[in-house]
Amino acid sequence: MARPDLLDPVLGDLDARIRTALDAAELPAADPDLEKPKQPEHGDWATTAALRLAKPAKRNPREVAQLIVDHLDVPDVVEEVSIAGPGFVNFRFAHRYHEELVHRVIEAGAAYGSSRKPQDEQRRVNVEFVSANPTGPLHVGAGRWAATGDAIAALLEATGDEVVREYYVNDAGEQVRIFGESVVLTAAGEDLSDEHYRGAAIAEVAAELREQHGDELFERQPGDDDLVGDDAAAVVHDGQALRDGDTDVGTAAGDARVHPGIAARVGVLGVEAMRQRIEDVLHELGVDFDVWYSEREGLHASGAVEETVAELRERGVAYETDGALFLQTTEHGDDKDRVLVRSDGRPTYFASDCAYLRDKWSRADQLYYLLGADHHGYVARLKAAAACLGLPPERVEIRIGQLVNLLRDGQPVRMSKRAGETIDLDEVVDEVGVDVVRYHFLRQGLDTAVDFDLAVVARQSMDNPVYYVQYAHARINSLLRMADERGFDHGELGDADLSLLDHPAELELLSAMAQLPVIVAEAAELRATQRLARYAEELAGTFHRFYTECRILAPADATEEERAAAEELGRARYWLAVAAKQVLANALGLLRVGAPERM
RNA sequence: GCCCCCGUAGCUCAGUGGAUAGAGCACCGGCCUCCGGAGCCGGAUGCGUAGGUUCGAUUCCUACCGGGGGUGCCA
């Protein structure tokens with residue numbers, strides 16, 4: 001567990017005392033690592049320090065545990081310390097701890113669960129995710145990266161880092177020209193060849209551009225023969241081939257029916273239109289990026305690629321062979337050296353990657369990439385590139401997520417390359433809803449391939465645990481509303497006698513609520529959104545049990561005497577419910593999943 | 001060929017070297033005179049195989065078996 005003192009003042013104090021005890025017992029220093037025992041009867045919190053210190057101390061774990069207990073200055077709030085199992089030290093807290101928790105939660109409000117770091121430990125983290133090519137609509141898989149990247153960013157923010165959510169827009173290179181050709185040909189109703197992009201979205205972009213710019217957009221214009229100085233020049237990496245009016249661009253001849261100048265000009269506009277559509281869909285999904293980083297503007301037009309190549313040469317990590325410039329990535333674990341500049345002078349995409357890495361590093365001190373498994377081959381070369389640029393490897397973190405299988409009733413939804421038969425992210429979001437899409441991806445680890453079955457996921461049942469969690473939240477809200485309607489006198493939090501909360505269901509709920517800060521810290525550290533999602537499910541479960549077993553409001557037909565008798569306990573429970581609602585809302589909020597007031 | 005991921009209950013999945021491995025779904029049986037039954041309670045079954053490291057392995061290492069995916073060109 002990271003820094004308990006930042007998460008919970010009581011745990012922080014206990015943590016410090018354990019450290020002192022280790023020192024006094026002349027045991028090696030160690031992180032006390034407080035955790036919640038699996039079995040409630042073992043207490044509220046436990047430490048495994050003795051287990052982990054057994055080896056360095058060369059003693060058996062129970063002996064070490066005894067030493068810790070003997071030297072521990074037990075805080076007042078701990079009622080009972082015991083040694084159990086192989087060497088756990090268990091702590092049972094006084095009821096006062098739980099009572100204070102209710103106050104802490106309600107006072108902290110939306111901030112409960114989040115923590116700050118000391119200034120010097122705060123990092124500027126650049127989180128890049130999705131970054132799908134703007135040559136077509138987002139598919140369902142992109143939804144996974146969107147939801148996960150966004151939630152990881154939120155978790156990092158919740159643990160005190162400063163985060164930038166960034167989308168890298170591949171709007172340079174031959175794919176832009178090809179995209180431009182695709183738009184032009186589609187607009188003209190002509191046949192497309194195998195290399196072209198197709199589909200309903202392309203047609204829509206073509207129509208949109210025609211509307212905005214008129215038919216002349218697709219016709220030859222004066223500048224088309226001389227692209228130098230134009231935005232479009234950066235589309236073709238060096239622009240050289242076009243300066244002489246040559247229609248051959250690099251190695252790809254291009255489509256003879258579309259002048260490369262037109263293709264480049266339309267491509268730039270088309271790619272931007274497609275990017276805008278992507279931005280809109282992501283916004284619908286609740287994901288908003290801070291930075292949309294244009295490869296063309298940021299890396300090519302700015303000269304950053306050239307600068308980076310020059311820097312790599314200066315560093316002596318690049319060499320020329322057969323007219324091409326290679327980067328020595330094998331020095332840092334890559335399979336083979338990678339080409340930066342082709343023999344014809346055009347830089348590779350890899351050169352852009354290097355320039356981008358360099359640019360990001362100037363803006364952040366920790367780089368996080370979330371990539372799909374189809375890009376796992378990039379990891380080694382990207383890390384090597386970072387090393388060649390002199391960046392500390394531990395500050396460049398690349399995570400690979402397994403891909404998504406889109407199904408309907410167990411049958412794969414085939415992605416036909418031929419026109420319009422794919423199901424895109426926007427359609428899925430419309431069909432099943434934002435919260436379902438996001439939660440479905442967030443509750444599973446990145447290493448697991450996700451089956452996204454439209455039929456299963458559309459069901460509003462426990463096939464969809466998001467409803468279970470949201471239902472708990474809505475239920476609490478309903479309860480509080482009902483209390484108001486019936487004129488229940490809940491008083492102020494300070495007036496409630498929380499010591500009355502001693503039912504097992506109440507204690508379990510309190511104990512679950514106390515865990516949120518720890519769960520958030522762990523989930524952030526591991527970049528594991530499923531930790532938080534599973535916790536939310538558990539918390540919802542403890543609330544449902546509490547709700548079933550513990551009445552808050554007297555029955556509608558209760559007599560005055562019954563009502564009065566139940567009032568004080570009801571007040572305590574009312575505030576417990578208020579706090580539980582807050583914790584549920586915070587957990588859902590960090591996942592960016594809605595916490596509805598009613599369903 | 002090379003690389004990555006996975007293998008835990010009938011199914012879908014949690015479980016960052018520690019206590020009796022957990023949820024949901026499905027199946028069976030219970031629970032509302034009462035705050036939302038989208039709920040609660042009870043019930044069976046499991047760490048792919050074989051080694052290794054360790055006081056202790058579902059977790060780490062090796063091999064094998066099975067499943068999924070990626071990649072082979074100076075994109």
Side-chain angles (χ1 to χ4, degrees), chain A residues 1 35 37-39 41-42 46 48 50-52 54-55 59-62 84-88 90 173-175 250-252 321-326 335-344 346-350 372-380 400-403 405 443-451 453 456 459-472 474-483 485-486 488 505 522-523 525-526 528 530-531 533-535 537-538 540-541 543-558 570 573-574 577 598-599:
Chain A
M1 179 166 73
E35 61 181 44
K38 285 178 187 166
Q39 309 296 323
E41 59 271 24
H42 286 127
T48 57
L51 294 162
R52 283 172 301 104
K55 184 187 297 241
R59 304 184 163 209
N60 84 54
R62 287 197 66 110
F88 288 93
N90 294 325
E174 285 184 12
Q175 64 174 8
T251 49
T321 300
D322 300 332
L325 186 70
F326 286 75
D335 296 341
K336 55 181 178 184
D337 288 342
R338 304 288 166 174
V339 174
L340 286 167
V341 184
R342 300 176 177 87
S343 53
D344 64 6
R346 293 178 304 143
T348 58
Y349 281 111
F350 180 62
D374 49 345
H375 286 82
H376 90 261
Y378 282 39
V379 178
I400 295 299
Q402 297 304 304
L403 302 178
N405 302 310
R443 78 185 297 269
Q444 216 157 117
L446 278 177
D447 287 340
T448 311
V450 172
D451 285 338
D453 191 313
V456 172
R459 278 181 227 143
Q460 298 198 6
S461 69
M462 267 307 275
D463 287 330
N464 251 333
V466 65
Y467 292 121
Y468 181 77
V469 180
Q470 290 185 321
Y471 178 63
R475 206 179 199 187
I476 297 174
N477 185 62
S478 161
L479 172 61
L480 302 181
R481 196 177 58 233
M482 184 66 70
E485 282 169 14
R486 292 199 191 166
F488 176 75
E522 282 176 356
E525 213 169 291
L526 299 170
Q530 77 276 15
R531 292 278 176 139
R534 305 287 172 153
Y535 166 76
E537 290 168 30
E538 267 182 49
F543 174 77
H544 285 309
R545 278 185 285 282
F546 158 72
Y547 181 90
T548 303
E549 296 190 34
C550 302
R551 273 206 79 82
I552 293 174
L553 306 177
D557 62 354
R573 288 174 170 172
Y574 176 94
R598 55 182 80 205
M599 295 169 66

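So you know, we letter chains A, B, ... as the sequences are listed, proteins then strands, and number each from 1. The figures that follow rest on heavy atoms only: side chains count, while hydrogens, waters and symmetry mates do not. What you see is a predicted model; the values in this text were computed from it and never measured.
On a pure distance criterion of 3.5 Å, a polar donor-acceptor pair joins the side chain of H376(A) and the base of C3(B).
Contact annotation: the side chain of D322(A) never approaches that of S343(A) to less than 4.5 Å [non-hydrogen atoms, C-beta and beyond].
Of all nucleotides listed (C35(B), A19(B), G37(B)), G37(B) comes nearest to the side chain of Y471(A). Closest contact between the side chain of Q402(A) and the listed nucleotides C5(B), A19(B), A14(B) involves C5(B). With distances taken from any side-chain atom of M482(A) to the nucleotides C74(B), C4(B), G36(B), the minimum falls on G36(B). Closest approach to the Y467(A) side chain among G22(B), C74(B), A38(B) is made by A38(B) (side chain taken as heavy atoms from C-beta onward). Side chain of Q39(A), nearest nucleotide from G22(B), C41(B), U16(B): G22(B). Here the nucleotide nearest the side chain of L553(A), chosen from C40(B), C55(B), C35(B), is C35(B). Comparing A75(B), C35(B), A19(B) against the side chain of I552(A) picks out C35(B) as the nearest. You'll find that the side chain of T548(A) is closest to G39(B), out of G39(B), A19(B), C6(B).
Taking CG of L403(A) as the start and OG1 of T448(A) as the end, the distance is 12.5 Å to the nearest 0.5 Å.
Taking the 5.5 Å centre cut-off and the 30° plane limit, the aromatic side chain of H42(A) is classed as stacked on A19(B).
Within the 4.0 Å cut-off from OP1 or OP2 of G15(B), at least one side-chain nitrogen or oxygen of Q530(A) is found. OP1 or OP2 of C35(B) has not a single side-chain nitrogen or oxygen of R475(A) nearer than 4.0 Å. Side-chain nitrogen and oxygen atoms of K55(A) include none within less than 4.0 Å of the OP1 or OP2 phosphate oxygen of G18(B). Within the structure, every side-chain polar atom (N or O) of Y468(A) is placed at least 4.0 Å from both OP1 and OP2 of C25(B). Contact check, S478(A) against G36(B): a side-chain N or O comes under 4.0 Å of OP1 or OP2.
Applying the side chain to side chain contact (heavy atoms under 4.5 Å, CB included) criterion to A483(A), with sequence neighbours excluded, gives F488(A), L553(A), Y574(A). Remark: T321(A) pairs with Y319(A), F326(A) by the side chain to side chain contact (heavy atoms under 4.5 Å, CB included) rule, at least two apart or across chains.
With rounding to whole Å, Q444(A) atom CD is found 13 Å from U8(B) atom P. In this structure, K336(A) places its NZ atom 12 Å from C1' of C3(B), rounding to the nearest Å. Between the CZ atom of F543(A) and the P atom of A38(B) there is a distance of 14 Å, rounded to whole Å.
Taking atom C1' on both A63(B) and C41(B), the two are 47 Å apart, rounded to the nearest angstrom.
The cationic atom of R475(A) (NZ for Lys, CZ for Arg) does not lie both less than 6.0 Å from the six-membered ring centre of F543(A) and within 45° of the ring axis.
Helical stems in RNA chain B, defined as runs of 3 or more consecutive Watson-Crick or G-U wobble pairs with donor-acceptor distances under 3.5 Å: B:1-7 with B:65-71, B:10-13 with B:22-25, B:27-31 with B:39-43, B:48-52 with B:60-64.
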Would you check, one step at a time, whether the test side chain to side chain contact (heavy atoms under 4.5 Å, CB included) holds for I552(A) with F546(A)? CA-CA 10 Å; I552(A) 293 174; F546(A) 158 72; 4.2 Å; yes

